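Below is one structure; the comments refer to it alone.
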Amino acid sequence: MAKRQVMFTFPQELIREPIIYSLGQQFKIVTNIRRADVTENRGWVMLELEGEDGDIEQGIAWVTSKGVRVDPVAGDVVEG
Amino acid sequence: MSYARALRCRKCGQEYPLQPLNRCDFCLSPLEVSYDYKAMARWLSREGLAAGPRSMWRYRDMLPVEGEEVDIGTGFTPLVKADNLGRELGLDRLYIKNDCLNPTYSFKDRPVSVAVSKAREFGFDTVACASTGNLAASVAAHAAKANMRAYVFVPSDVESGKLVGAAIYNPVLIKVDGSYDDVNRLCTEVAKRYNWGFININLRPYYAEGSKTLGYEVAEQLGWRAPDCVVAPAASGLLFTRIWKGLDELAMLGLIEPVNTHMYIAQAAGSSPIVNAFNAGSLHIHPVTADTIVKSIAIGNPADGHYALMVARQSGGGACAVDDEEAIAGVQLLAQTEGIFAEAAGGVVVGALRRLAASGAIKRSELTVAAVTGAGPRTQEILADIVRPLTVQPTIESVEESIGTAV
């Protein structure tokens, strides 16, 4: 089992969709929210994903295809 | 001795032992070193600090290092009174902190010197980083000095001058054939898999502390006082927050008067998530995809962006984005007024200074320090069209004819 810490940033049109629930259901990923700030017109969620490597990859690809931006929680690792 | 006592979560306050660790296990926020300031204050004095070596290590007691430092001669760079540039911009008391003059030509030597010292203390025999150039050179140089192995990951589009700047120290140089996001993802995985001191991942809390020395030096060089305004570039936002922390600590320790410095962030317009958030009045940084020639500060998802934003807000400062053209013009203006050849990030700072002075945000009489953080010669590609020599025959007549035409 692998763990991945990520930040999801939601555009306004996806705020009402149960994306994180669907991610857990469809890809057998355990989602564990640590911090979040969601308002009626935008939101971000920091969470840990736990599951098989392949499932996490597929799940992230699916979330991205829905229009959610996915970033590592630690920010960019590449520096100047 | 070091007065560092723990790693502390910047968000929830959870404490951890001083280990190679970067994120809080509970809320995933960054950790930072906390100190016993009471004990530190009893020991430190202006005179004691001023008697130290002419390098960043004169502030050793304010850094989290226990063992022998890995020092290649970093810090105590000149703070230059920039009268010519100030005249151009309408600022009477402008100073440039010239951090181009560090051993590997950028401010990165400050944080890396601390991080590699800690890596050795923790027993790592290998250090690593992911970089578009300046960090790569600094890590490779410090690893060479410390007799450690270095793995340096770079994106495939890094300028050749920056590659040479790292390769000369003989690290294992790994060029990643993929997008910027691919390099980020790969290096996060690599850091998890190998027992390396990854400079800006598991060593990041220590790495961060090295940048405070820029703030300490500015205050000491001004005769133990904080400036009225600081303008500094922001990529991850780490340097910006640590300049502030450096000034704040000096005041807390009673070494300078309480700080009333206005902190201004400068970013390239093609990669300005912190400036965007500041202008939008938001507390959250929305990551962007960087698109600018100012590669040394092209970070779309800045790790310390939130904290840099808070510093700009709380200090009564601001944030300013400058497009690529203004950045190039800024590089030229700095060179042609003060004789300092900075990389494009320095041009961003000069462009921001121009805007902030013109808008009246920074007043003519305010003592302003601009941080110029990296030297220009490694990224000459962006200035290729400035080389227009007069070509003459080897005769006086030809010279006079050409000069006459040029005048």
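Quick caveat: nothing in here was measured; it's all calculated off a predicted structure. In what follows, every chain begins at residue 1, and chains take the letters A, B, ... in the order their sequences are listed.
- Contact annotation for B:F153: neither backbone nor side-chain heavy atoms come within less than 4.5 Å of a heavy atom of chain A.
- In terms of modelled atom types and a separation under 3.5 Å, the side chain of B:N200 and the main chain of A:V77 share a donor-acceptor contact.
- Smallest separation of non-hydrogen atoms from A:M7 and B:N301: CE-OD1, 4.4 Å.
- Under a cut-off of 6.0 angstrom, the local environment of CG in B:N279 is crowded, with over 12 non-hydrogen atoms contributed by other residues, nucleotides or ligands.
- Residue contact with chain A, scored on non-hydrogen atoms closer than 4.5 Å, involves the backbone and the side chain of B:T289 alike.
- Remark: the backbone N or O of B:N184 is not paired with any side-chain donor or acceptor of A:D76 at under 3.5 angstrom.
- The greatest number of non-hydrogen atom pairs below 4.5 Å with chain A, out of B:S29, B:C24, B:C187, is found for B:S29.
- Here the closest heavy-atom approach between residue A:A74 and residue B:A303 is recorded as O-CB, 3.2 Å.
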(request) Give the C-alpha distance, both sets of side-chain angles, the deciding distance and a yes or no for side-chain contact (heavy atoms from CB on, under 4.5 Å) between A:Q5 and B:T188. (result) CA-CA 10 Å; A:Q5 296 168 347; B:T188 307; over 6 Å; no

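- Of the atoms belonging to B:P287, heavy atoms from both backbone and side chain fall under 4.5 Å from chain A.
- With a threshold of 4.5 angstrom between heavy atoms, B:E189 approaches chain A through side-chain atoms but not through N, CA, C or O.
- Both the backbone and the side chain of B:I299 come within less than 4.5 Å of a heavy atom in chain A.
- If you measure heavy-atom distances from B:K162 to chain A, you find no contacts under 4.5 Å at all.
- Pairing each heavy atom of A:G80 with each of B:T132, the nearest pair is CA-OG1, 3.2 Å.
- Atom CG of B:D177 has 12 or fewer neighbouring heavy atoms from other residues, nucleotides or ligands inside a 6.0 Å radius.
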(request) Check step by step if side-chain contact (heavy atoms from CB on, under 4.5 Å) holds for A:T9 and B:H286. (result) CA-CA 8 Å; A:T9 305; B:H286 287 275; 3.4 Å; yes

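- Heavy atoms from other residues, nucleotides or ligands lying under 6.0 Å from NZ of A:K3 number 12 at most.
- In this structure B:S131 satisfies the side-chain contact (heavy atoms from CB on, under 4.5 Å) test together with B:C129, B:L135, B:A136, sequence neighbours excluded.
- When A:R34, A:M46, A:E79 are compared by the number of non-hydrogen pairs under 4.5 Å with chain B, A:E79 comes out ahead.
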